[in-house]
Every structure is written in structure tokens, then in C-alpha cells.
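Quick note: numbers below take in every heavy atom, side chains included, and nothing from hydrogens, waters or symmetry partners.
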Amino acid sequence: MILTPLRAAALLLGAAPLLTPVAAQQAAPSAPATPASAPAAAQAPAQAAPGDSVLLDMREAFRRGDRAQLSALLPQARGHALEPWAAYWELKARLEEAGADEVHGFFDRYAGTYQEDRLRNDWLLLLGQRRDWAGFAADYPLFRMRDDPQVRCYAAALELSQGREISRAAIEQVRADWFAQRDLDNGCLLAAGLLHQAGKLPYQDLWKRARLALEANRPALARAAVALDTPDASAEVAQIENSAARYLTALARTPAATRKRQELATLALIKLAATDPGQAAAQLASRWAAQLSAEERNWVWATIGKQAAAKLQDDAGSYFAKVTRAQDLTDDMLAWKARAALRQGQWPVVQEAIEAMSGQARGDSAWTYWLARAKQALARSDADRASALQLLERIAGFGGFYEKLATEELGRVITPPPAPAPLTSAEREGARRHPGLNRALLAIALGLRGEGVREWNYWTRLHQNEDTPPMSERELYAAADLACQQQVWDRCINTSERIEGLVDLAQRFPMPFRDAVVRQSQAIGLDPAYVYGLIRQESRFVMNARSKVGASGLMQLMPATARWTARKIGLQNFTPAQIDDRDTNILIGTSYLKLALDEFGGSLPLAAAAYNAGPRRPRVWRNGPTLEGAIWAENVPFNETREYVKKVLSNTTDYAALLSGRSQSLKDRLGSVGPAPAGEAALTQDLP
């Protein structure tokens, strides 16, 4: 049964009968009831009012920044179950002009809600920007999410600005948050600068941050990091961004051997490597190696090796071989060293690269698996073989891609764990009457998907403090069940995946629209499990899902791809608007997948990569040595596509078990991947 706004309203009313819009309006209080401060509060959630269109209008006004309309509409949203969102939008739109008393009035009125914590996050960011440390210090202890890196950085900056001693853990958190920045933000830049001034963040870290930023094509971050150490060098970083080769030529004419010159040469070589690893290697070997420190040389050689490995060049390993100390490399560099060695079958190098990683990276299931495989390949004694088996045992079991591969490597079949104990009526009722979960479901039902998803995630993932502890596994299980019952499949799946101690396979791998998916898949010769595995990864079964690049629907079709496929299968009078029709989306999506699968000789990994990144790229990525499917998948150059292929194939294995009732093999589905056979037809060659 589809969750309509009125049905969602019935959830909010607990066991009360469903009200008509008029009756709901009459029953709604003139002012909102005080929300429960914790999920366990024995208070019925607020009733839903009929002003759904008002909420939708306010959300659009918020997106436009129309403060006047937000203020005019807010009184009409009073009493609606989603009033906290309406009030949030109205105040957030004018937060910079709002006074502290008004903001704290909002906190009091909506105490315990996600919206209170959401606005407190926004308020703390504003206080940090203003350097209002007294206000920040008063509000920060009440912030429950603690998930905003910039707020965490401001909290550290507060301590530093007041001359207080800061813990090593806090320093490492600032460093981690700053290094993880994708966009320049005020809070972490401020904290990093204060740490540097206090002698707690060495200049080497500032330049390392600039190296990573420039390699990722984020010049503003690079300039800001360099400016913390050498303000006058930021202009030269801009020159490097414009043309690294030209800058290196000019820099070579300045003979003065200074630390600044070395660091800038390192940045330029890194930037050059991003576009032309070979030229960067030639420059380093012929001119710059003798002028850089050992750490700088190692970093640049590893960067060149990483870029060559990402281009699937056979000489990537030779660049990594020039590194004299693995401790100078990042985990990401070492991962690419391991991938390049896997591609060449160099098991000693695979083992060396993984063992040089940090404990956290080495503990990832991917590198645990490949370290075990390397040890198996190199084993000379029973002790060596036992060490490899111990690593496999550590990750084997029901789970993701590498957990399944480890299970098969141990000679076992992939078997789902036993079903958990059924939910009790009390557990179901607890989820059904949870105010925050209900607000989230109602928001999603009304078309406020982004808001609903954020609120749902808050209660199931982010909301953790001493007063309101995180949900237990059984509570998460009940929350996932509630989402499944209401056919909010993405929240059903995502919440179920968070439960580590119990697995309900049918909940974690639901099969909505089963008749349509199975019928269409079988009609064109596709395995329904493969289609389900792909849809689960593409859209989580959200029929109106939209991607940032314009893909739509269950199978996330791009308009150009949909038009091309419609022509190929003879679908007459197709228009892009039909992409949103469920059956049309399934028809075109499965047809395109079948064309890709046929083009790549039935290879599931190649077809999945083609579906995600377009078929032209996998045609190139398959060239070179013939590899076992798992090694090929791990070497996919794009991070998104690499994870996509692994997840689709893992999903497919689980869906096949559900559909057939029999144990399955992931290894069989991966097969091997190598160059195209002579005369193989490129069925998608003319895809726009």
C-alpha cells in the first residue's frame, strides 16, 4: 500500500481513526504540542493538519530565499505535524538578522526535535564565523548531532583562542576534519591556523594539505593551506594551477635552494602528474629529484604511480618502485600501489603495500582480503598458510563484496544468517508512535523527501548523547520494518544495513514491483536478481529518484540514454517524460542493461560498469591482461564505479539466494575480464 499524505497522517494519530482533512483541521491545536524530548517519551505525536500545500509552498519559498513569503505563510502552518520544518525554514532564511533571544525561543518551542538541533547547528556556524565565543560556548554543549566538521573545528578554535590546552585527540580530530574538506570552510581553516600558531600543527602538514588539494583540483584549498605557512606563496600556487609545466620551467631559473622553492616544485610536479604522469616522471628524474628532500621525492613518485595506475598503465609499478620509504605515503597511494601490483600479479608488492598501510586502512575488508590472498600466494609453510586463513576468517560471513569472497576462498557456501526473532507488538508500536520517525515519513509522503530523509537519519543514525542514547539494534530493526511497511524502501534498506548484530535478508533486500521486474527481465533474457541488484544500488526503489546529473526513476535513466534505447527496441512515440512511469522505466532500463550485457559477452562486472559510467570506458578498462573479476573490479579507475560494480554484484548474489532459495557464488558471477575477442560487436557504439 502506497503511503499517501492522509495515510501518513494516520500514523501520526497513533491508534486513532483516519481523519478527513476538515476533521484534522478542527482537531489540530492552535499551537503545537511540545515535542517529546526523547524517542521513549510516552507522548502521542502531534496531529497532522490539512495545510500540506502550505508546507510545499514554504519549502519552495525557502529554496528561493523568499523571506517575505515564508513569514506570510508561517501562521498557516501552525498546528501542522510538520510545523517544526515550517518554522525552521522561516527562521533559517533570516538567521543572520535574528537575535539570540528569538533563536533560543525556537530552541525552547521545538525542544527535542531534529529541527531544534538542525537550527542549533546553523546557529553555531554563524557564531563561529562571528567569533562570538561566549555564545558558542553556551550553545555547543546542547548540540546533539556533533556531526558537522566545521562546528567541531570551531569548538577547537574556541579552546585555542582562549589559550586553553587542547587534547591530542582534539588536535587529531581537527587535522582529520581539515584534511577531509572538499570545499574551503572558515571553521577548519581557522582551527588549523591556530594550531599551527600554537606549534601543534607542523608546517609539513600545511603543505601536505596543499598537495592533496591540488591533486584533487581544489586550488582554493591549496592556496589557503599554503598561506597559513607562507602567505606570499599562494599567488604562485595559482600559477601552478594555470600551467604546472610552465611554472616548473620558470622555477628552474631561480637557483636559490629554499624550503619554499622545494615545496612549490613538489606541488607543481603533483599537478603535472594529474594530467601527464610520464612528463612528471621525466621532469622529476632529470631535473628535480636532486633538489627535493627524500620525503618530497617519495610523495611525487607515489603520486605519479597513482596517476599511472588510475590510467591502467603497465609502468605504474615502476614509479612506485622508486619510493624509498613507504611511511612517506598516504593510505590512498598505497592502495593504488596494491591495485597496480594486483593487475600485474606481483603478490610480494601487494603484501608490502598493504602491510605499510595504517591499521585502520589495513582493517578494511578489501585490504584484509587481498593481504590474505597475497599471503596464500607466497606461503612457504603451514604457518604462512594459517596466517592467511586467519585473515580470511576475520572477515568471512554474510556481508558485502569481500566478506562473500573470503567465505568462498575458505571453501564455504555463502549462507545468510538465521532470521532474527520476530518483532514484538511492543517493538512495532514503539516505532509506529515515534514522533521523529513519523514526521520523517509524513515529510517524505508529502514530497519533502530531502527533509524527511534527514530527519529519519537523525533519529536512526546521528542522534546520540547521554540524555537520548542511540537506538538499539531491535529499535533500528523496528524502524526499518516501519519504513518497509510504508514502502519507503530507501529508509528501510539503509536502516536495516546499520544493524550489525542481526540480519533480516528480506528486509535488507526487498523486492518491490516483483511481478513487473521479474516478468520484464525474463522476457528479454536477464537474470531478475541482477536487475534487482542494480536497482537497489541505483535508486533504492525510489520511483521518483533524481540524480545530480539528471538521471531519473527506478533505474536512473539519463534522457539521452532512454531515447537511444527506445529507438533500439522500437518503442514508438517515446518522450523523456515517460521515464518517470514505472513500467516504462523498467522496460528501457532492462533493455539497455541487456544490450550492454550482450556487448560484453555476458560479463556482469563489465555490464554493471557500463551502466554506471557508460560503455565506452569499460571497453578501454578491459584492455591489458586477463584478470580474475575481483582484481579487475578493484582496478576500476573511478571510485564511484568501482564501488558500484562491487555492490551490484554483491546485491545480485543476495537476490539470487532469495529468489531461488539456494546458495550462490559471487566468484562465478565475477568470472574473468580481459580484452574483447576479435570481431566482438559494439552494440552500444552509437550511444550519445
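Residues R439 and W456 are not in side-chain contact: their nearest non-hydrogen atoms beyond the backbone lie 4.5 Å or more apart. The closest side-chain heavy-atom distance from L437 to M471 is below 4.5 Å. Inter-residue side-chain proximity for Y88 and F106 is flagged as met; some heavy-atom pair is nearer than 4.5 Å. When side chains are defined from C-beta on, Y203 does not count as touching L228, because their heavy atoms never get closer than 4.5 Å. Looking only at side-chain heavy atoms (C-beta outward), L158 and Y140 stay at 4.5 Å or farther from each other. A 4.5 Å side-chain heavy-atom check between F401 and K647 finds every atom pair outside the cut-off. Using a 4.5 Å heavy-atom cutoff, the side chains of Q173 and R152 are in contact. Side-chain contact check for W178 versus L206: some heavy-atom pair is nearer than 4.5 Å.
Checked for salt-bridge contact, E97 and R94 miss the test: no charged N lies under 4.0 Å from a carboxylate O. Between E497 and R536 there is a salt bridge, since a side-chain N of the basic residue sits under 4.0 Å from a carboxylate O of the acidic one. By the 4.0 Å N-to-carboxylate-O rule, K260 lies close enough to D232 to be salt-bridged with it. Checked for salt-bridge contact, E403 and R394 miss the test: no charged N lies under 4.0 Å from a carboxylate O. With salt bridges taken as basic N to acidic carboxylate O contacts below 4.0 Å, one links E241 and K271. Ion pairing between a basic and an acidic side chain is recognised when a charged N comes within 4.0 Å of a carboxylate O; E96 and R130 show no such pairing.
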Inset, instruction - Check the pair D205, H196 against side chain to side chain donor-acceptor pair (under 3.5 Å), reporting the backbone distance first and the verdict last. - result: CA-CA 9 Å; D205 277 355; H196 180 57; over 6 Å; no
Legend entry - CA sep, side-chain torsions, deciding dist, call: Q507, Y477, side chain to side chain contact (heavy atoms under 4.5 Å, CB included): CA-CA 9 Å; Q507 182 188 78; Y477 186 29; 3.4 Å; yes
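Around the CD atom of Q162, the shell of radius 6.0 Å holds more than 12 heavy atoms that belong to other residues, nucleotides or ligands. Counting non-hydrogen atoms of neighbouring residues, nucleotides and ligands closer than 6.0 angstrom, the CZ atom of R182 reaches no more than 12 such neighbours.
Residue R109 forms a salt bridge (charged side-chain N to carboxylate O under 4.0 Å, His left out) with just one option from E83, E116, E102, and that option is E83. With W207 as the partner, the side-chain contact (heavy atoms from CB on, under 4.5 Å) test is satisfied by one option alone out of E263, Q262, E296: E263.
The CE atom of M58 sits 11.0 Å away from the CG atom of L448 when rounded to the nearest 0.5 Å. With rounding to the nearest 0.5 angstrom, the CZ atom of F179 is 10.0 Å from the CD atom of E172.
Geometrically, R59 does not engage W89 in a cation-pi contact, judged by NZ or CZ lying under 6.0 Å from the ring centre and within 45° of the ring axis. Taking the centre and axis of the six-membered ring of Y458, the NZ or CZ atom of R118 falls outside the cone set by 45° and 6.0 Å. The cationic atom of R146 (NZ for Lys, CZ for Arg) does not lie both less than 6.0 Å from the six-membered ring centre of F143 and within 45° of the ring axis. The cationic group of R120 lies under 6.0 Å from the six-membered ring centre of F107 and within 45° of the ring axis, placing it in a cation-pi geometry.
Checked by atom type, the side-chain pair D185/Q181 shows a donor-acceptor distance below 3.5 Å.
For residues 219-230, the pairs satisfying salt bridge (Lys or Arg N to Asp or Glu O under 4.0 Å) are D229-R259, with sequence neighbours left out.
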